[in-house]
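So the structure is just underneath, and the comments pick up after that.
Proteins get letters first, then strands, A, B, ... in listed order; numbering begins at 1 in each. As the structure is a prediction and not an experimental result, all values here were calculated from the model.
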There are 2 protein chains.
Amino acid sequence: MAGVAPITVSRAINRPELVTKDTLEHVREVIARSGYVPNLLAGGLASKRSRLVAAIVPTIGNSIFAEAVECLTDRLGEAGYKVLLGLSGYPASREDELLATVLSRRPDAVFLTGITHSPESRQRLLAAKIPVVETWDLTPTPIDMLVGFSHEKVGRAVANYLIDKGYRHLGLVWASDERAAIRRRGFEDAAAERGVTDIKVAILPAPGNLKLGREGLAKLLDEAGDLDAVFCSSDALAQGVLTEAQARGLAVPGDLAIMGFGDLEFAPYTYPSLSTVRIDRRAIGLLSAEAMLARFGDRPFEKIVDIGFEIVERAST
Amino acid sequence: MAGVAPITVSRAINRPELVTKDTLEHVREVIARSGYVPNLLAGGLASKRSRLVAAIVPTIGNSIFAEAVECLTDRLGEAGYKVLLGLSGYPASREDELLATVLSRRPDAVFLTGITHSPESRQRLLAAKIPVVETWDLTPTPIDMLVGFSHEKVGRAVANYLIDKGYRHLGLVWASDERAAIRRRGFEDAAAERGVTDIKVAILPAPGNLKLGREGLAKLLDEAGDLDAVFCSSDALAQGVLTEAQARGLAVPGDLAIMGFGDLEFAPYTYPSLSTVRIDRRAIGLLSAEAMLARFGDRPFEKIVDIGFEIVERAST
DNA sequence: CTCCGGTATGGCAGCGCTATCAATCGATCA
DNA sequence: TGATCGATTGATAGCGCTGCCATACCGGAG
């Protein structure tokens, strides 16, 4: 130590406005010279704020979650928080265990994917008394806060869109994912209301990818026969469907219209470009971060944020 | 507390083999009943082991790093370690700052992308006296440990492969990334040795994506004219090049051969399927985790692991 | 010249755990 | 029978910070 009490150093680092300019400069100079690295574990223990936020997502191999996590990490990083990564897998089988081990790190907040959590997990999260942001879905009864959109409305909107465009023989190439299942229900309900009922479905394991998309369309065409439009539960699957259509010499959208979900980066640039549903993935990460930061600062924040969605019409429909 | 000393509970949790069966069961039962969650911050402070590993990657939006991080996280998770995520951006401009803030969390090890780090960062890492694994590249002088492959050899191998196939008018669609630059040098050197010198290059910002790939090929064709093969610095770019070729009515590989890098999940399923260079991304994460775990357990581990690469010939060349 | 209030700094205690060493106990052995 | 040993449990003392309160100091008011 160089001249002052430890607590003054602590203040120089964390609340510089409480320290005289001269002292501050001197302390900073000594820190720089000595290569002192504060121990945030100790600080966290003493102040009961770890400045850690846990993010639990199924996977980051699929860029749909990766981007949200990136935004979350960036925004929280600006405010001095670091993200603890938890990968729960598909289905979220390891969520409970993950949550238990992650909570023992005393995160200051938790970012969750989806709204379905075991009673034990809910219990644990409530007991932790920290901000919890559930994402990617809507429910009137979140654990704490929520940033998402209505999958049912997405399904309904796409059904109506395709039927409005004149398509009647509809197929779904679909990952067996919980939130996708809600979109499917919305899609089928809305189609039924318009008198379109015989919807073919190929169910594939989550997460979807190009390969599974090709297989999905192959299955659908081989088993179901005549289709004029296929809605896919993700853009990755849609890209596979597009590829399979190409490989089979089907004109898109002439012989087969294709619709994706997510509006991933590549969607505007496939050939033909992919019609899809735009979800502002970055907003999910960003707004979640803002929600947490608001709560850390005792500022109010909406409990439920519906980020909505948008149908993006391109060349594939 | 229920009946025993705190230290006995600590042992029951961390070193159950030191505790009698009866005591162990009793403690576990009380833990389950009371909902006790150990505080690993306090434990980390006392034991000087945080059971945290910092992973610093440019981005996880691009699945090339995401998968390595996923494997790292999974393997370390099995051993009770959690991953702190640090995103340094392209170029790795924030690496220094990130490293400083991350080290104050006292991670037990650090996973780094690449081998180029500022002197201050090297200094800080050495001062931290923890295992450091650099990845995605090779150097004879790593900070500590290394899991990677030779980008120069990749470049050379692809040049020789394309020239062996009879292609002579070569183009590069290339992201301005440090490691990609080494591949390019290898490629150009090997091509020059074979007498092929006039290599057209379109340089694009990192990270590459489908859109940039389309733009890259457009630029190359508009400016350079006749090309018979294009090597791309990533599969994402290659997919864009493929798309642009399709949009322009070029036959692949008849009019233009296309080669990617990375062997991403979609590469075998594009139409035509994409020839590329396979990198075992998962091995990078996994071996890095193993290297760290070995060091935690004082077991020996190779300092430098070359995971190699493999040229994957598919339909696009 | 004292008193007051505000600002800057320091002392003390403790966050919740674990390393270390000590204590206890029954079993074994000479 | 007493000494010895290994196995199990406990007491003590911090880990490196920060919350809380006390103290010192200063300028201005009375």
Check your understanding: In terms of side-chain heavy atoms of S10(A), which of dC15(C), dC17(D), dT9(D) is nearest?
Key -> dC17(D)

Review point. CZ of F65(A) to CG of L72(A): how many Å apart, nearest 0.5 Å?
Key: 13.5 Å

Revision key, fill the gap. N39(A) CG to dC17(C) P, in whole Å, measures 17 Å

Exercise for review: Would you indicate which nucleotide in dC17(C), dG19(D), dC17(D) comes nearest to any side-chain atom of R49(A)?
Suggested key: dG19(D)

Exercise for review: Would you kindly give the CG-to-C1' distance between L24(B) and dT8(D), to the nearest whole Å?
Suggested key: 13 Å

Exercise for review: Please tell me which of the listed nucleotides, dT18(D), dC15(C), dT9(C), lies nearest to the side chain of R11(A)?
Suggested key: dT9(C)

Check your understanding: Separation of K21(A) atom NZ from dT9(C) atom P, in whole Å?
Key -> 14 Å

**Study point:** Below 4.0 Å: OP1/OP2 of dT9(C) and any side-chain N or O of T20(A)
**Key:** yes

Practice item. Rounded to the nearest angstrom, tell me the gap between atom NE2 in H26(B) and atom P in dT9(D). Key: 12 Å

Check your understanding: Closest to the S47(B) side chain: dT18(C), dC17(C), dC17(D)?
Key -> dT18(C)

Practice item. Starting at atom CZ of R15(A), determine the distance to atom P of dT9(C), rounded to an integer number of angstrom. Key: 14 Å

Practice item. Among dC20(D), dT20(C), dT18(C), find the nucleotide with the atom closest to the side chain of P6(B). Key: dT18(C)

Check your understanding: Out of curiosity, L287(A) CG to D280(A) CG, how far, rounded to the nearest 0.5 Å?
Key -> 8.0 Å

Review point. Which of the following nucleotides, dA19(C), dC20(D), dG16(C), is nearest to the side chain of L45(B)?
Key: dG16(C)

Revision key, fill the gap. Closest to the side chain of K48(A), out of dT18(C), dG10(C), dC15(C), is dC15(C)

**Study point:** Protein-nucleotide distance (L41(A), atom CG; dG14(C), atom P), rounded to Å
**Key:** 22 Å

Revision key, fill the gap. Whole-Å distance, R105(B) CZ to dG16(D) P, equals 18 Å

Study note, to complete from the structure: Picking from dT9(C), dG19(D), dT9(D), the nucleotide nearest the side-chain atoms of I7(A) would be dG19(D)

**Study point:** Below 4.0 Å: OP1/OP2 of dT9(C) and any side-chain N or O of T23(A)
**Key:** yes

Point to revise | NZ/NE/NH1/NH2 to OD/OE distance under 4.0 Å, D74(B) and R282(B) | key: no

Check your understanding: What distance separates E290(A) CD from R299(A) CZ, expressed to the nearest 0.5 Å?
Key -> 7.5 Å

Point to revise | Flag, side chain of K82(A) to backbone of V53(A), donor-acceptor distance under 3.5 Å | key: no

Point to revise | Nearest listed nucleotide, side chain of N14(B), among dT18(C), dT9(C), dC17(C) | key: dT18(C)

Review point. Among dT20(C), dG14(D), dC17(D), which is the nearest nucleotide to the side chain of A46(B)?
Key: dG14(D)

Practice item. For I13(B) and dC17(C), give me the distance from atom CD1 to atom C1', rounded to whole Å. Key: 10 Å

